[in-house]
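Shown next, in structure tokens, is the structure this report addresses.
Quick caveat, the model's predicted, so the values are computed rather than measured.
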Amino acid sequence: MKLVDAHCHFDFPFFDGRRDRELDAASGDGLAGLVIPGVRRPDWARVRDTALAHAGLYYCLGIHPWYVGEHSGQDLEILERALRKRPERCVAIGECGLDRLHGNMSDQYPWFEAQIGLASELGFPLVIHSVRAHDEVHAMLRRTKWNGRALLHGFSGSYQQALKLVDLGCFIGVGGVITHPRSSKTRDAVSRLPLEALVLETDAPDMAPEGVEPGANSPLHLRRILECLSDIRGESAEYVASVVLSNTRLLYGESLW
């Protein structure tokens with residue numbers, strides 16, 4: 001089976017001194033590559049360099065809702081100039097989005113809308129962070145007439161919320177949350193959604209699966225997330241892996257892995 005981690009913060013300091021070892025171990029368990037999201041302009045160079053240093057790694061550039069207060073309009077101009085150059089292995093804009101639990105959503109809206117507009121104009125997919133804000137994200141995508149591809153990463157909402165986002169062209173990111181038995185709402189959603197709407201992710205080092213210390217997640221756990229999704233849906237791991245790989249290619253690029 002070939003697996004791709006659609007959202008992994010592999011540039012974070014947690015992985016310093018261990019990236020090669022982690023990749024070697026994960027590749028032995030089927031990992032073909034991963035995508036590193038950008039969250040702050042000062043980190044974009046690190047994100048890029050981490051991806052370019054390893055085969056099968058790609059990256060995104062964006063401004064995360066937690067960090068909008070650290071940025072100015074000039075940073076959006078820098079982002080636009082960078083993306084217009086179509087940098088090598090840059091496959092999406094993000095992560096961007098809305099977070100009800102961190103900061104003020106009214107401050108986040110303009111930054112999310114600006115990055116949606118940039119993705120629409122330049123033809124890039126979006127990687128969306130949404131915490132307790134799925135309805136607002138859906139409303140923003142509808143209002144801006146979004147018609148591209150997007151990853152709703154780290155999804156933990158209801159089946160009804162997911163289906164509305166899928167109808168707008170979003171893929172739903174399935175991560176370690178589904179390994180927690182108490183996450184019944186999310187487990188129900190991924191069991192009922194079309195498999196063609198799902199991709200696998202770890203969000204490492206965050207969003208740890210059950211039994212993994214918080215903040216110590218790794219691409220090594222992607223196989224476990226796949227197997228949990230297979231069990232929840234009652235479909236073979238091989239079949240699920242093949243479909244979600246196709247989905248990830250549709251999201252980021254057919255020829256990447």
Side-chain angles (χ1 to χ4, degrees), residues 1-40 42-62 64 66-67 87-92 94-95 125 127 129 151 153-156 171 173-180 198-231 237-238 240-242 244-249 251-253 255-257:
M1 289 184 288
K2 183 183 286 189
L3 305 176
V4 172
D5 190 341
H7 188 105
C8 175
H9 295 280
F10 205 55
D11 64 303
F12 277 16
F14 174 79
F15 293 106
D16 289 354
R18 57 198 290 179
R19 287 188 182 85
D20 289 340
R21 185 168 67 251
E22 293 265 345
L23 282 177
D24 287 345
S27 64
D29 212 16
L31 186 76
L34 55 83
V35 177
I36 307 170
V39 296
R40 300 165 61 247
D43 301 336
W44 290 344
R46 186 184 70 199
V47 168
R48 177 201 64 213
D49 293 347
T50 302
L52 294 180
H54 304 275
L57 272 58
Y58 297 84
Y59 71 98
C60 319
L61 296 178
H64 190 290
W66 289 7
Y67 305 111
E88 180 185 3
R89 297 207 216 171
C90 182
V91 294
E95 62 186 287
V127 174
H129 172 103
L151 168 62
H153 122 81
F155 182 78
S156 60
F171 291 90
V174 180
V177 65
I178 68 166
T179 66
H180 297 271
L198 307 181
V199 300
L200 297 174
E201 61 172 340
T202 62
D203 195 31
D206 299 319
M207 209 162 74
E210 185 186 27
V212 176
E213 182 182 350
N217 196 9
S218 163
L220 284 165
H221 299 301
L222 194 66
R223 178 67 172 260
R224 179 180 170 194
I225 296 167
L226 165 70
E227 291 171 349
C228 183
L229 180 61
S230 168
D231 289 343
E238 291 78 9
V240 172
S242 67
V244 296
L245 176 61
S246 295
N247 300 342
T248 309
R249 288 169 169 163
L251 171 63
Y252 288 127
S255 61
L256 300 187
W257 300 281

Can you tell me if [X] uses its side chain to pair, donor with acceptor, with the backbone of [Y] under 3.5 Å?
{"X": "Tyr252", "Y": "Ala6", "value": "yes"}
{"X": "His129", "Y": "Gly154", "value": "no"}
{"X": "Trp257", "Y": "Gly56", "value": "yes"}
{"X": "Arg89", "Y": "Ala51", "value": "yes"}
{"X": "Asn247", "Y": "Leu198", "value": "yes"}
{"X": "Ser230", "Y": "Leu226", "value": "no"}
{"X": "Arg19", "Y": "Asp11", "value": "yes"}
{"X": "Thr179", "Y": "Glu210", "value": "yes"}

Can you tell me how far the [atom1] atom of [X] sits from the [atom2] atom of [Y], to the nearest 0.5 Å?
{"X": "His221", "Y": "Leu31", "atom1": "NE2", "atom2": "CG", "value": "12.5 Å"}
{"X": "Leu57", "Y": "Phe10", "atom1": "CG", "atom2": "CZ", "value": "6.5 Å"}
{"X": "Glu227", "Y": "Leu222", "atom1": "CD", "atom2": "CG", "value": "10.0 Å"}
{"X": "His54", "Y": "Ile36", "atom1": "NE2", "atom2": "CD1", "value": "7.5 Å"}
{"X": "Leu245", "Y": "Met1", "atom1": "CG", "atom2": "CE", "value": "11.5 Å"}
{"X": "Arg48", "Y": "Thr50", "atom1": "CZ", "atom2": "OG1", "value": "10.0 Å"}

Contacts of His7 that satisfy ring pair (Phe, Tyr, Trp, His ring centres under 6.0 Å) - sequence neighbours left out: His9, His153
Closest contact, heavy atoms only, [X] versus [Y]:
{"X": "Val127", "Y": "Ala92", "answer": "CG2-CB, 4.0 Å"}
{"X": "Leu3", "Y": "Ala241", "answer": "CD2-CB, 4.0 Å"}
{"X": "Val199", "Y": "Leu151", "answer": "CG2-CD1, 3.4 Å"}
{"X": "Phe14", "Y": "Pro205", "answer": "CD2-CB, 3.6 Å"}
{"X": "Met207", "Y": "Gly175", "answer": "CE-CA, 3.6 Å"}
{"X": "Cys60", "Y": "Gly94", "answer": "CB-O, 3.4 Å"}

Check whether any side-chain heavy atom of [X] sits under 4.5 Å from a side-chain heavy atom of [Y], and report yes or no.
{"X": "Leu61", "Y": "Cys90", "answer": "yes"}
{"X": "Arg46", "Y": "Pro13", "answer": "yes"}
{"X": "Val39", "Y": "Trp66", "answer": "no"}
{"X": "Phe15", "Y": "Pro219", "answer": "yes"}

Donor on one side chain, acceptor on other, Thr202 and Asn217, under 3.5 Å: no
Sequence-distant partners of Arg18, side chain to side chain donor-acceptor pair (under 3.5 Å), two or more places apart: Glu22
Trace of the side-chain contact (heavy atoms from CB on, under 4.5 Å) decision for Leu220 with Asp29: CA-CA 8 Å; Leu220 284 165; Asp29 212 16; 5.8 Å; no
Of Val91, Val4, Val35, the residue whose pairing with Leu256 passes side chain to side chain contact (heavy atoms under 4.5 Å, CB included): Val91
side-chain contact (heavy atoms from CB on, under 4.5 Å) between Val212 and Arg224, worked out: CA-CA 12 Å; Val212 176; Arg224 179 180 170 194; 4.0 Å; yes
side-chain contact (heavy atoms from CB on, under 4.5 Å) between Leu23 and Leu34, worked out: CA-CA 10 Å; Leu23 282 177; Leu34 55 83; 4.2 Å; yes
